[in-house]
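Only one structure is covered here, and it is reproduced in the block below.
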Amino acid sequence: MSENEQNSKKIELPISITVRQLAEVLEASPIEVIKNLMSNGVMANINQEIDYDTAAIVSEEMGFEPAPQHIEEVAEEDIGEIPLWRRKLAEEDQAQLEPRPPVIAILGHVDHGKTTLLDAIRHTSVASGEAGGITQHIGAYQISHEGQLITFLDTPGHAAFTAMRARGAQGGDIVVLVIAADDGVMPQTEEAISHARAAQVPIIVALNKIDKGNAAPEQVKQQLAENELVPDEWDGDTIVVPVSAIEKKGLDDLLEAILLVAGDMEILANPKGEVFGTVIEAEINRGRGVMATLLVQNGVLKVGDTVIADKAYGRIKAMFDFQGQSIKEAGPSMPVSVMGLNEVPQAGEFFTIAKNEKKAREIIKDREQIIEAKETEEGEMVTLEQLFARYQAGDVEELNLILKADVQGSLEPIISSLSDLKSESEGEQEIGVKVIHSGTGRISESDIMLAIASNAVVIGFNVGPDATAKRMAEAEGISIRKYSIIYHLIDDIKKALQGMLSPIEKKILIGQADVLVVFPSGKYSKVAGCRVQKGEIKRNAQIRVMREGKMAFEGGISSLKHLKDDVTEVKAGFECGIGLKNFSDFKEGDSLECFVIETVTVF
């Protein structure tokens, strides 16, 4: 074994990382990392993101042993908030909605063949004359299969997918999950499954690399079933398509499966309606300035339109399709690259258009004031206490948890205890607790991203966040709670559940009186002369008039007197006069039941 191998340190790298972050991981200066990248033919600045493969090469050359970052399951979750573009679509004239091409996001574990599959689909489904004309890569493209268009999002894996959801703008209609038949379900596969479930989109599995001699498709199907993706041939509802991206086998079957699933969905838009959509990616091009890839989700985007995406805005000077061809307009589900924005918008931002640049600046100024006021009033941190208030206000219905522990042995009893806690709910209400992510190891950047996306609280048991996760949590206002004793953790969650349950109104009987005499009070009203038999009658309570075992009236007290004095309460053994709101048909022998309404939380 060489000295280099003996001294190499094992490190985990995410699917993409900035040069600055890589330098921190390698405990080297950014300049050193940039020089190494240059020697490998990669020109990148300190804030530029590079993919896993590039980072791995640099790491190896600098004496490290890289591996894909271990990211555990982020189980299924409804995100709580409907994406903005879907809410906007609901406001459109429903009679003008028309079918649009489905938008497909391809996810999966590193090295399982996502990029190869995307390239294979693109080159086999685009006319040969056009395929050679592909001069640029804009993060998304369209293909035609059997006369129907399909849009593919070529984003850098689940990280971008989560970022899009985190901003409420997830644009994918269907997820194609790529799994290598010779490798099976891996940590990032499980994460991708969870992210797709969180986005509430259908999943189609592309079982890749079936051409390899050690492929084990039946074993992979068993692993899928264990992750609640039961293959359709096993009487489940997950379509599993065997493919070979290298040999271009099964691609037509995969595209047909996509169209089949899309056919069962209402994938609609209004080409004549308001223009809006999602930012797929953006960068600064040395020759063209800011170039942003936009996915149009409604209306028709045209050259000359003024686009607004968060704080970025600008008049579109030029527009290009995925082949780099100049175009004048783009309709629903079409990805385009546009030139003219004043700054780089973030991936996942919702975009719309304004009348002109002056109006765009006014809109952005208003947005900034609203955000500033909201942050001042509420604060940014997503804490358990804040979530309780939201549950009580009815804004959200479930407590979402991201749970990380030091070892599997710690994780299992915590999840089991939470399960037992959930089973203690009474009546018709269910305690809304959901562990949307569980795994071992330190709290990672991916955990924080999912917490942003699903409005969750991150819990660490005997573990804390890594440096990147801590910075992101502070920047994004995500609460990280750390515990070392299980019952402290469970006790806090129990309090959370009690705080979030919808309160139940319960009528508490506090007194009972008999009507002895009825006498007039004013021109039309009547008052009951009563003797309190049990408990007490209170002025601010409610009265139920019982006659021959049946309720004749229920309502509030308008007057309560003892002798001639107005009083707030009369106890058992004393007589009183009772007047009710909107009721005066008393009869001797009626029984008056006095009760108060309390809101209680059943746990």
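For reference, positions follow the sequence shown, starting with 1.
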Without hydrogens or angle criteria, can the side chains of [X] and [Y] be said to hold a donor-acceptor pair below 3.5 Å?
| X | Y | result |
| --- | --- | --- |
| Q142 | T151 | yes |
| Q297 | T278 | yes |
| T116 | D119 | no |

Open item on the list: For E218, is the CD atom crowded, meaning more than 12 foreign heavy atoms sit under 6.0 Å from it?
Closed with: yes
Which heavy atom of [X] sits nearest to which heavy atom of [Y], and what is that distance?
| X | Y | answer |
| --- | --- | --- |
| N285 | M291 | CB-CG, 3.8 Å |
| S59 | L13 | OG-CD1, 3.6 Å |
| S333 | V103 | OG-CG2, 3.8 Å |
| V279 | F351 | N-CD2, 4.3 Å |

Task: Set of salt bridge (charged side-chain N to carboxylate O under 4.0 Å, His left out) partners for K212, sequence neighbours left out - done: D182
TODO: Tell me, please, which residues at least two apart from E146 pass salt bridge (charged side-chain N to carboxylate O under 4.0 Å, His left out).
DONE: none
TODO: Using the side-chain hydrogen bond (donor to acceptor under 3.5 Å, both in side chains) rule, collect all pairs that involve residues 253-265, keeping only residues at least two apart or in two chains.
DONE: none
- [ ] For the pair R471 and E24, find out whether any cationic side-chain nitrogen is under 4.0 Å from an anionic carboxylate oxygen.
- [x] yes
Would the distance check show the side chain of [X] and the main-chain N or O of [Y] forming a donor-acceptor pair, the cut-off being under 3.5 Å?
| X | Y | answer |
| --- | --- | --- |
| R100 | P332 | no |
| K404 | R442 | yes |
| T352 | V275 | yes |
| N298 | E274 | yes |

Open item on the list: Once side-chain contact (heavy atoms from CB on, under 4.5 Å) is applied, do any residues pair with A318, and if so which ones, sequence neighbours excluded?
Closed with: F320, M339
- [ ] Name all residues meeting the side-chain contact (heavy atoms from CB on, under 4.5 Å) criterion together with A292; count only those two or more places apart in sequence or in a different chain, and write none if there are none.
- [x] A282, L294, V338, L341, P345
Task: Matching residue for I174 among V201, L259, I204 - test: side chain to side chain contact (heavy atoms under 4.5 Å, CB included) - done: I204
- [ ] From the options I448, D466, I459, select the one residue that forms a side chain to side chain contact (heavy atoms under 4.5 Å, CB included) with I443.
- [x] I448
Can you list, pair by pair, the side-chain donor-acceptor contacts under 3.5 Å of residues 234-246, counting residues two or more places apart and other chains?
from	atom 1	to	atom 2	distance (Å)
S244	OG	D211	OD1	2.8
S244	OG	E247	N	3.2

TODO: Show your reasoning for whether ring pair (Phe, Tyr, Trp, His ring centres under 6.0 Å) applies to F350 and F276.
DONE: CA-CA 7 Å; F350 178 82; F276 56 80; 5.6 Å; yes
Open item on the list: If you define the side chain from C-beta out and look only at heavy atoms, does anything of L117 sit under 4.5 Å from L254?
Closed with: yes
